[in-house]
Structures are given as C-alpha cells and as structure tokens.
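This report concerns only the one structure given below.
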Amino acid sequence: MVISKSYKKRLIWIGLLVALLSIVQFLLPGNSRVVSWYADYVFKPFQSFRNIVFGVVPFSVGDILYVLGLGWILYTAGKWVYFLKSFRQNSNRFVHSFMYSLVVIGTVYVVFLLGWGGNYYKSSLSAYWQLPEETTRRDSTLIAFDKFLISKINEYSVSYDSLSFKELDQRAKSYYKNYTHPRSTPTIAKASLFGNLMQYMRIQGYYNPFTGEAQINRNLPPFMLPFVICHEMAHQQGIAAEDDANLLAYAVGTQTPDKVFRYSSYFNIWLYTHRRLMMKDSVLAKQLKEQLNTQTLAHLEDLKAMRKKYDSDFSDYSGALYDGYLKLHHQNDGIKSYNKVWHSAWALEEKRKKGAEKRVMIP
C-alpha cells in the first residue's frame, strides 16, 4: 500500500510537469505578446533577484551546481547499472529511481524555461532595431565591412591597454547601465571555476540559466575579454540568440568611448567577418589581413598558439552537444549562428550613419 501511494504521487507530479511543459510550448511559439509578458514580468524580475542574491558571492555558484548535477547523474547511472544486473531483486527500486529521475529532470527543465528558456522565442535583435534582413547580403558588403573593421582596429590599437578581469567587469557593468535603454537588468560577470577545462572545450564564456550568472573564461587573452564579458552580459539582458548577444556586445562596446572595449569589439567582429570572407575569397582575405597593425597581428598569433596548445577532440564533442542544444531551442543554425553577426553589425553601422542614438535599445 505504501508503494502504491509512492507511485501515485510521482505519477501525479510527472503528469503536472508534462502538462505545464505542454502549456508553455503551446503559448510561447509565435505569440509575441506572451513572450513580451514573459520577458517583462517573469525573466527580468527573476534575473534581477538572482543578480542580487548571487552577486554577493565572489565565486561561481552555477559551476558548483553543475558539478553537483554531474555527480548526481553519475551516481544515478551507477545505481541503475546495479539494479539492472539484479533486476529480479531490485525491479521495484529501479522503477522508483527512474520515476524520481523523471521528476527531477522535468522540474529542472521547468525552472530552465521559466528562468531563461522563454527568451529563445523572442524576435531577433535585428528586427527590433529594424536593421536590413540577411537577404540584402552582397560580397561587396562583406569586403567593405572587413575594410571598415580593419581601419577601426588599427585606429584603436594605438590606445589598447591590457586590463585586469576585475577592472573589465566593472567597466562593462557601468557601460550596460549608462549606454543602454530602458534601464538594463543589473549585470555581473564571474570567472568560471573550470579554468583551463574551458580552454580544451573552446568555451570563452557561458550564461548559467539557473543562477543567471555570466561565467567567463578568465584565461582568455586580455584583448578578447571585453567583448566576451559584454556578450555574456547580453544574455543577462534576456538576449538568447548567440548572434544577437554578439550584436548587443558589439553595439555596447562600440557605443562607449572606452578605447579598450572598442578595440576588443571591432577585433572580435572582424574575426567573424574575416572567417566569412576567407570562405568567399581567401586570397583577398589574406591581402586585407596584411593591412592590420603589428600589435593586432601579434594578437592573432597569440590566439593561434592558444588554440594549438589546447586543441583536442574534447572541443569537437562539446561543440556538437552545444550545436544540438541550440537547434533544440529554435536556433536553426546551431553553433554557426555566431557567425551571422557580421551582417547585422554592418547593418548597425549603416544605421548609425543616419544618426547615432545615445543609448542602445534593449527589448
């Protein structure tokens, strides 16, 4: 009788979770009003609350939760192997454990959707800013933007200075506060506890959807960090799509008069633009690259050496997993979506020619 009640409670909980997930999946896709309501009255207040709570903790709480989660998965998998080997004696325990795992996974996913996942249903940042669609792409545009970025990189490389992670975090936080509108969600970036493991996975940073923390690989070269920090802080503003997070990071980084942030922003977007041009015309791309100043060429060599040092199959596996995650959450281009930023960044610069706005608008 006790077992029967236990089964019933877990079945009811599983049924409630399935019903809640079904409602969310029914309401959010294609319903801009519901998505806007979610962003304003669910995500933003929750994100602000998380920033206040976890902001006082100097280390990454999200990383610890991930480690504990991995430990739970390994422990559960070990139990299942034992139960299956002795199935006759432990069939009831296996079913209980399986149902309990479904409840845990379902609950975690509901928290994910409420605390972050709904942002994947937003319209693109390009559409919000009324930038030209990607159908306007031309090779001449790609070349012109590559030249523009090179000129900006050369201009700001003269004033580039290597700053500490703490200093960059504080500056980025103030820039989001002073150069965005409406008032942005409070931001804070933290160095990930995983350290060099992120290097092997080729992860520059990530947003934790459960704690709302912006996790940064602080072992990145200093010239990469300003842009990466702004990118992860863009996620804290409810920008889910990776190309949109790149675009917002670029917009904020180039809106501020801070030459260190401007250099990093132009440099990072040039990397995407140059990669795209290499696919179109490798000869021309190499010729344009030679126009970069000596310091930037040295920075490119630093990046090349770092990637060679930490090159491993691990990065391929982690990349494939993240690609699948993005596609599962309505990012059809998967991990390739990062590269789409070159066109939207160019469109932003074209719009700025008509009159720059004092603040970067965030939906």
Side-chain angles (χ1 to χ4, degrees), residues 1-31 34-35 37-38 41-43 45-47 49-50 53-54 60-121 193-194 197 201 203 206-213 215 235 240 314 317-331 334:
M1 189 67 178
V2 175
I3 294 176
S4 177
K5 286 183 178 179
S6 179
Y7 273 120
K8 185 179 292 186
K9 287 180 180 179
R10 288 180 182 173
L11 283 172
I12 291 173
W13 187 244
I14 290 172
L16 289 173
L17 288 172
V18 171
L20 181 58
L21 290 172
S22 298
I23 291 172
V24 171
Q25 293 295 336
F26 174 77
L27 289 176
L28 288 177
N31 195 328
V34 175
V35 173
W37 182 89
Y38 161 82
Y41 299 106
V42 179
F43 171 74
F46 189 33
Q47 179 64 43
F49 171 76
R50 289 182 292 187
V53 173
F54 297 116
S60 172
V61 178
D63 284 352
I64 294 177
L65 289 181
Y66 279 157
V67 171
L68 292 175
L70 178 60
W72 177 80
I73 291 172
L74 294 176
Y75 172 71
T76 302
K79 283 201 307 183
W80 287 5
V81 170
Y82 172 74
F83 292 156
L84 290 172
K85 283 185 176 181
S86 52
F87 190 71
R88 289 186 178 181
Q89 296 84 1
N90 293 292
S91 59
N92 189 57
R93 295 176 69 187
F94 173 75
V95 173
H96 269 281
S97 179
F98 181 75
M99 293 179 68
Y100 174 75
S101 298
L102 287 179
V103 170
V104 171
I105 293 171
T107 302
V108 169
Y109 193 63
V110 168
V111 173
F112 165 81
L113 283 177
L114 293 177
W116 170 247
N119 289 307
Y120 283 111
Y121 297 93
L193 300 178
F194 296 136
L197 178 60
M201 298 174 69
I203 296 176
Y206 69 92
Y207 170 84
N208 190 300
F210 303 105
T211 62
E213 294 170 299
Q215 319 281 16
H235 288 315
F314 197 25
Y317 299 137
S318 62
L321 285 173
Y322 191 54
D323 183 68
Y325 164 83
L326 290 175
K327 290 178 179 178
L328 179 66
H329 292 92
H330 312 284
Q331 308 298 299

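Residues: numbered from 1 along the sequence shown.
- The ring pair (Phe, Tyr, Trp, His ring centres under 6.0 Å) search around Y207 returns W116, not counting sequence neighbours.
- One distance of note links CG of L113 with CG of N119; it measures 10.5 Å at 0.5 Å rounding.
- At a threshold of 4.5 Å between non-hydrogen side-chain atoms, the residues V104 and W72 count as touching.
- At a threshold of 4.5 Å between non-hydrogen side-chain atoms, the residues V35 and F43 do not count as touching.
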Under 3.5 Å, side-chain donor or acceptor atoms of residues 80-88 against the rest of the protein: list the pairs with distances, not counting sequence neighbours.
from	atom 1	to	atom 2	distance (Å)
W80	NE1	S97	OG	2.8
S86	OG	Y82	O	2.9
S86	OG	N90	ND2	2.6

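- Between M99 and V95 the shortest side-chain heavy-atom distance falls below 4.5 Å.
- Of all heavy-atom pairs between T211 and F54, the closest is O-CD1, 3.3 Å.
- Heavy atoms only, all atoms of each residue included: Q215 and S60 are closest at NE2-OG, 2.7 Å.
- Residues forming a side-chain contact (heavy atoms from CB on, under 4.5 Å) with F210 (at least two apart in sequence, or on another chain): Y66, V108, V111, F112, N208.
- Considering only residues two or more places apart in sequence or on other chains, I73 meets the side-chain contact (heavy atoms from CB on, under 4.5 Å) condition with none of them.
- Nearest heavy-atom pair across L114 and V42 is O-CG1, 3.4 Å.
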